[in-house]
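What follows is a set of notes on a single structure, which appears directly below.
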2 protein chains.
Amino acid sequence: MVYTYLYNAFKCATMQFLRDHFEKLITLTDKEFQYILQFFRSRRIMKKQFLLQEGDPVTQEYFVVKGCLKSYVLDSEDRSHIMQFALPDWWISDYQALVTQSPSSMFLEAVVPTQVLCITREDKERLCAEMHKMEHFFRIKNAYGYIGLQRRILSMLTGSAKERYEQLLQQYPDLFQVVPKQDLAAFLGVSRETLSRLYSKNK
Amino acid sequence: MVYTYLYNAFKCATMQFLRDHFEKLITLTDKEFQYILQFFRSRRIMKKQFLLQEGDPVTQEYFVVKGCLKSYVLDSEDRSHIMQFALPDWWISDYQALVTQSPSSMFLEAVVPTQVLCITREDKERLCAEMHKMEHFFRIKNAYGYIGLQRRILSMLTGSAKERYEQLLQQYPDLFQVVPKQDLAAFLGVSRETLSRLYSKNK
DNA sequence: AAATAAATGTGATATAGGTCACATGCACAA
DNA sequence: TTGTGCATGTGACCTATATCACATTTATTT
């Protein structure tokens, strides 16, 4: 592979990770991938550091390479409600703010030390406009994301706290390695005390 | 406008409605629109008729021209949980099933007499592959849909039954003209009795 | 290694909202 | 127009989950 854009010489493993991610849905030539790569910037965040805070302008979307991020809102009583976790291979941002170009209403914070690849809204749009393939990629990604949220809504509508917990455990076992239980509670919409009781009684 | 594809001579108003819908995000020539149109089929459904039932194969996506549809699941106690309503200008299907090409786990039912335009999965994919514009259109549509679901999740996480009800009332006042209250309850994740009490006490 | 802070567990109590039962109103079918 | 069946309202009671308070365990920092 020829490194045309040297200023973007990420670690080889990181690049390959991104490329593999794209190539799950589309095929890319080396040249195409190199072209795409120039729009991404690598960034590391320490545990509990923010990529976004409430009120910040949102200009980028983040692809997680390593670690884990969470996006959440704080309500009027300062309780956190988690919108999304992002493990490696996931995209995350405050999409509402990104699309409507309004200030963030969320916090985007590293749960553990994390590495992301960032792309700005404009660069992503440009990439989609220039390369039909990429527009396709992101349309399909979006469709999966949509379905995921539908599933979450359904589990909130139909399941008890316990059922939702067990579904999550089954669907994303990796999360439980990384994320404190109070965060899982804030994701499930249950108090941390209730969550704690759910699995202590379970065994 | 030249009617190249006569077998698709929908009522002029219907065609224009679809065209306006696309042209909110992209621009189309008459010829392009005529080409697109050939992939759509018009269909009318009576109140309480099904477009999909649990177990059906899901081959199509539906664009509502007139009326109102709801998609919902039935749980083990035969309680219905509503995933989505679709008023005119909205798309609806069992997306999970459509994308994964598995049998429907939902019912798709007309709340009132309804007219839709149907497109098959294959035709939509073909349209997206052939016309970059259309791929763009659906990517952006998807992105808005995603944001909408995020908002719904947030309101389920942060709000009381009453707050959720009021948010819905404010965001989609049209729904309340058309949809029985028990369906609104099934959408909000509240019992119909509780919902009834919410607004009787309100006044 | 000690000190401090964060996360978790657990009991006692409170409450939003669910469930059940039945009454009333309203729509459409015969 | 009358009847049959949905949709809605309302009371009485019940239950899952929240809240508060504090103890315990586990990470972080110095």
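Order of the sequence lines sets the chain letters (A, B, ...), proteins ahead of strands, with each chain counted from 1. Hydrogens, waters and symmetry mates are skipped; everything else that's a heavy atom, side chains included, is used.
Counting to the nearest Å, the P atom of D:dC6 and the NZ atom of B:K48 are 7 Å from each other.
For residues 67-83 of chain A, the salt bridge (Lys or Arg N to Asp or Glu O under 4.0 Å) pairs, not counting sequence neighbours, are A:K70-A:D183, A:D75-A:R79, A:E77-A:R79. Pairs engaging residues 140-153 of chain B under the salt bridge (Lys or Arg N to Asp or Glu O under 4.0 Å) rule: none recorded [sequence neighbours left out].
For DNA chain C, the outermost nucleotides in 5' to 3' order that have an atom under 4.0 Å from a heavy atom of chain B are C:dG17 to C:dC28.
Partners of B:A143 under the side-chain contact (heavy atoms from CB on, under 4.5 Å) rule, at least two apart in sequence or in another chain, are A:N142. Taking the salt bridge (charged side-chain N to carboxylate O under 4.0 Å, His left out) definition, one finds that A:E32 meets it with A:K133, sequence neighbours left out. Applying the ring-ring contact (aromatic ring centres under 6.0 Å, His included) criterion to A:F50, with sequence neighbours excluded, gives A:F107. By the side chain to side chain donor-acceptor pair (under 3.5 Å) test, B:T59 is found to be paired with no residue, residues two or more places apart in sequence or in another chain being considered. Listed by chain and number, the residues in a side-chain contact (heavy atoms from CB on, under 4.5 Å) with A:L169 are A:Y165, A:F176 (sequence neighbours excluded). In this view, B:Q49 and B:I45, B:M46 satisfy the side-chain contact (heavy atoms from CB on, under 4.5 Å) rule, not counting sequence neighbours. Remark: A:E61 engages A:W91, A:S93, A:Y95, A:L98, A:I119, A:K124 in a side-chain contact (heavy atoms from CB on, under 4.5 Å) (not counting sequence neighbours).
For B:Y199 and D:dT8, the shortest distance from a side-chain N or O to OP1 or OP2 is not below 4.0 Å. Within the 4.0 Å cut-off from OP1 or OP2 of D:dT17, not a single side-chain nitrogen or oxygen of A:T194 is found.
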Atom pairs, protein N/O to nucleotides 21-30 of chain D N/O, distance under 3.5 Å:
unit_1 : atom_1 : unit_2 : atom_2 : d
D:dT28 : OP1    : A:K47  : NZ     : 2.3

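When the C1' atoms of four end pairs are superposed on the next four at each end of the helix from C:dA1-D:dT30 to C:dA30-D:dT1, using five pairs per end, the two resulting axes differ in direction by 60°, to 10°.
Looking at which nucleotide of DNA chain C each of A:K181 and B:R164 is closest to, the 5′-most match is held by A:K181.
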